[in-house]
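Okay, structure first, notes after.
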Amino acid sequence: MNKYRCLIVDDEDLIIRSLEQFFEGHKEQYELIGKAYSGQEAIDLAMELKPDIVLTDIVMPGINGIELIDVLKERLPRTIFIILTAYSDFEYAKQAIRMNVKDYIVKVPLSETDIFQALDRAGQTIHELQTKEAELRKLNTSRLENLYRMRRQIVSELLQGDIHPNHFPRYCEELKVNPILNDYCCFVIQFDDEALFKKQYGQADQMIIRYGMLNVAEETLLAKAQGFVSEVRDLQIIGFISWTTMDNATDVYKRCREFGSELIENIQRYMKQVVHVSFSSRRNGWATAANSFLQAQELLRDMYYSLGTGQVYAKLPSQSVQTADEDTIRMWFQEISRKLAPETKVDDLKGKLSRIAHYAREYHIPEPRMSVLLRKFMDDVRQKIVVWKLVVDPAPYVLEEGMKFEQQWSRVLAYINDCLSQRHAPVRSEISKAKQYIEDNIAERLTLDEVADYVNLVPSYFSTLFKKLENENFVDYVNRRKIEKALALLKERDYSNLQLSKLVGIHNERYFCTLFKQLYGLPPQKFRKTYL
């Protein structure tokens, strides 16, 4: 059962008390939320409390009941009014009827039955209005969803080239879109973290939020300019915006920045989602829609460097594009990996690592290329630390899809720090130095005498010391590392057995295959076909 909130207005205290007693006996269905002794007091109270039903006297000092209703009708259109009066003056009755007052009750004597019946009719009216409004909202929502679905299909076909730009205007009336696309900018709205969004919400909630975002985006757009929005895939929205005057590129750039910021703020406020917005340069006509969309999408690559807050991406035509030298970063990474050793301290690397991170952020190296550089560096680090004696093997370094640069970089730093903190203190420096020499010269033929000489130890003593500390003799260790290196190369591309054996410094192909099979159970090519 619905419960209706009521306000009573009368300048007679006796009537007020009588009405209070009535509501006390019917509090399950009618809640008395306030009482007023004058018209002005009633207006102030009604605006604060927003009652469903107002029962008011007519003759009161100052603003009378008819004037009170006249004021509140405009401000509270859903409120139902019931007049209580000691007068049966027909003129008052006619005014009340014209104002669509629900009931007109003579209050002397005040009949509890009359009041209850009047409130019951008022409650029924409210219920009917609420039911109709709910049906209308449902109908409007259904129409809106159908409109968005049609836009998504037709606009996507336009962008993919399945609909010729000259034919697109024939769909515009159905899509509620202006068939003429004059000077405009294309914009794209993208979630900051799609994976997190999919993890937080089920399919039904995702759809509700997406449609809500479309609604917020279009309302924000139409409040400032002309245009429309549409989905192009589940978590990406495209829009076309045009201002009455788009005089020059600087003005357009400024407008895009302002509109983008407002769009991000509104979606954050109403839908609780962090998004980024990118804008194409100024274009004209449906024939340029696909290219403008691609241009806006291209700018979204800079999301890779965002810090979890919505950003606007737009460029002035005069804005020069900085090009980063990826070889510089590659060289810096190689320099770090060459110097990495068990005795290295984390503080020794901070400056070099900070330089790389700053360079990447400054030049916004695209995510695919930066991720390749990071993976290569971490593979080099693994190759280094595999010869160290670690207390516990560090957690593997993994680059997950959709990771931002800052997340990737944090994992790089954590992995290096983890490796350096897990070193065995008692490792002899000569053995560490020997193992590093083996790694640096893995493609060469390495002999015990050569490595012992490098670390300034007598070969026999070096051999005994190596076996004692590594639980593996020198020859077996070198062969194992060569075969492990061969496996790493085999994962990169399909080398022949002869190529692999030469790359790891074993020039007898048959012996190489024998060693590989001893370690991994299969010859190299069969291993690749079976497992890689």
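In this structure, Tyr495 and Asn497 have side chains that are not in contact, with every pair of non-hydrogen atoms separated by 4.5 Å or more. The closest side-chain heavy-atom distance from Gln268 to Gln273 is not below 4.5 Å. Contact annotation: the side chain of Glu174 never approaches that of Ile154 to less than 4.5 Å [non-hydrogen atoms, C-beta and beyond]. With a 4.5 Å cut-off on side-chain heavy atoms, Met403 and Glu367 do not count as touching. Leu221 has its side chain out of reach of Gln226: every pair of non-hydrogen atoms, C-beta onward, lies at least 4.5 Å apart. The closest side-chain heavy-atom distance from Ile237 to Val188 is not below 4.5 Å. The shortest distance between side-chain heavy atoms of Leu469 and Leu465 falls below 4.5 Å. Counting only heavy atoms from C-beta outward, the side chains of Val155 and Phe168 approach each other to under 4.5 Å.
We find that Glu326 and Arg369 are joined by a salt bridge, their nearest charged nitrogen and carboxylate oxygen being less than 4.0 Å apart. The existence of a salt bridge linking Lys254 and Asp251 is excluded, since no basic side-chain nitrogen approaches an acidic carboxylate oxygen closer than 4.0 Å. Look at Glu262 and Lys224 and you find a salt bridge, because one of the NZ, NE, NH1 or NH2 atoms lies within 4.0 Å of a carboxylate O, short of that distance. Salt bridge annotation for Arg481-Glu439: present, with a cationic side-chain nitrogen under 4.0 angstrom from a carboxylate oxygen. Classification of Glu509 and Lys502 as a salt-bridged pair fails, no side-chain N sitting under 4.0 Å from a carboxylate O. A salt bridge does not link Arg283 to Asp183: none of the charged side-chain nitrogens sits closer than 4.0 Å to a carboxylate oxygen. Using a 4.0 Å cut-off between charged nitrogen and carboxylate oxygen, Asp380 and Lys376 count as a salt-bridge pair. A salt bridge links Glu218 with Arg151: the distance from a Lys NZ or Arg NE/NH1/NH2 to an Asp or Glu carboxylate oxygen falls below 4.0 Å.
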Check step by step if side-chain contact (heavy atoms from CB on, under 4.5 Å) holds for Ser371 and Tyr304. CA-CA 10 Å; Ser371 292; Tyr304 175 57; 4.0 Å; yes

Start with the C-alpha gap between Glu231 and Arg149, add the side-chain angles, then the distance that decides, and say whether salt bridge (Lys or Arg N to Asp or Glu O under 4.0 Å) holds. CA-CA 8 Å; Glu231 275 193 315; Arg149 287 195 187 99; over 6 Å; no

Test Asn456 against Glu430 for side chain to side chain donor-acceptor pair (under 3.5 Å), laying out the working first. CA-CA 8 Å; Asn456 297 315; Glu430 295 94 336; over 6 Å; no

Would Arg255 and Thr245 count as a side chain to side chain donor-acceptor pair (under 3.5 Å) here? Give the steps. CA-CA 11 Å; Arg255 289 173 185 245; Thr245 57; 3.1 Å; yes

Going through the distances and angles, do Phe279 and Tyr313 end up as a ring pair (Phe, Tyr, Trp, His ring centres under 6.0 Å)? CA-CA 6 Å; Phe279 291 85; Tyr313 301 103; over 10 Å; no

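Residues Asp379 and Arg382 come closest through the heavy atom pair OD1-NH1, 2.6 Å. Pro165 and Pro169 get closest at one heavy-atom pair: O-CD, 3.4 Å. Closest non-hydrogen pair, Thr220 versus Val216, comes out as OG1-O, 2.7 Å. When all heavy atoms of Ser280 and Cys185 are compared, the closest pair comes out as O-SG, 3.7 Å. Residues Ile442 and Lys485 approach most closely at CG2-CG, 4.2 Å, considering heavy atoms. Closest non-hydrogen pair, Cys513 versus Pro524, comes out as SG-CD, 4.1 Å.
For Gln203, the CD atom is loosely surrounded, since the number of other residues' heavy atoms within 6.0 Å does not exceed 12. Within a 6.0 Å sphere centred on CZ of Arg269, heavy atoms belonging to other residues, nucleotides or ligands number more than 12.
By the 30° and 60° cut-offs, the orientation of the rings of Phe527 relative to Tyr520 is tilted. Between Phe228 and Trp286, the two ring planes are tilted [angle within 30° to 60°]. Under the 30°/60° scheme for interplanar angles, the aromatic rings of Tyr305 and Phe405 are found to be tilted.
Side chain of Ser278 to backbone of Ala296: a donor-acceptor contact under 3.5 angstrom is found. Between the side chain of Lys352 and the backbone N or O of Trp332, no donor-acceptor pair lies under 3.5 Å. A donor-acceptor distance shorter than 3.5 angstrom exists from the side chain of Lys482 to the backbone of Val504, with no hydrogens or angles considered. Of the possible polar contacts, none joining the Asp476 side chain to the Glu472 backbone as a donor-acceptor pair under 3.5 Å is found. A side-chain donor-acceptor contact under 3.5 Å links Thr288 to the backbone of Gly285. No side-chain donor-acceptor contact under 3.5 Å links Ser156 to the backbone of Gln153. One N or O on the side chain of Arg528 and one on the backbone of Leu490 form a donor-acceptor pair closer than 3.5 Å. Proximity of a side-chain donor or acceptor of Gln436 to a complementary backbone N or O of Lys433 within less than 3.5 Å is not detected. Side-chain N or O atoms of Glu450 include none that pairs as donor or acceptor with a backbone N or O of Leu448 at under 3.5 Å. A distance-only check finds a donor-acceptor pair linking the side chain of Ser501 to the backbone of Leu498 [under 3.5 Å].
Summarising the geometry, atom CG belonging to Leu515 is positioned 5.0 Å from atom CG belonging to Asn479; distances are rounded to the nearest 0.5 Å. Going from atom CE of Met378 over to atom CD1 of Ile416 covers 5.5 Å, rounded to the nearest 0.5 Å. Taking CG from Leu263 and CD1 from Ile189, the interatomic distance works out to 4.0 Å, rounded to the nearest 0.5 Å.
Two rings, from Phe187 and Phe259, have their centers less than 6.0 Å apart.
Of the N and O atoms on the side chains of Ser306 and Lys404, at least one donor lies less than 3.5 Å from an acceptor on the other residue. For the 3.5 Å distance criterion, the side chains of Asn441 and Tyr454 fail to qualify, holding no donor opposite an acceptor.
By the ring-ring contact (aromatic ring centres under 6.0 Å, His included) test, Trp243 is found to be paired with no residue, residues two or more places apart in sequence or in another chain being considered. Scanning for ring-ring contact (aromatic ring centres under 6.0 Å, His included) contacts around Phe197 gives Phe191, Tyr201, with sequence neighbours left out.
Evaluation of the salt bridge (Lys or Arg N to Asp or Glu O under 4.0 Å) test over residues 295-312, restricted to residues two or more places apart or in two chains, returns Glu298-Arg301.
For the side chain to side chain donor-acceptor pair (under 3.5 Å) criterion with Gln190, the lone passing option out of His276, Gln297, Gln236 is Gln236.
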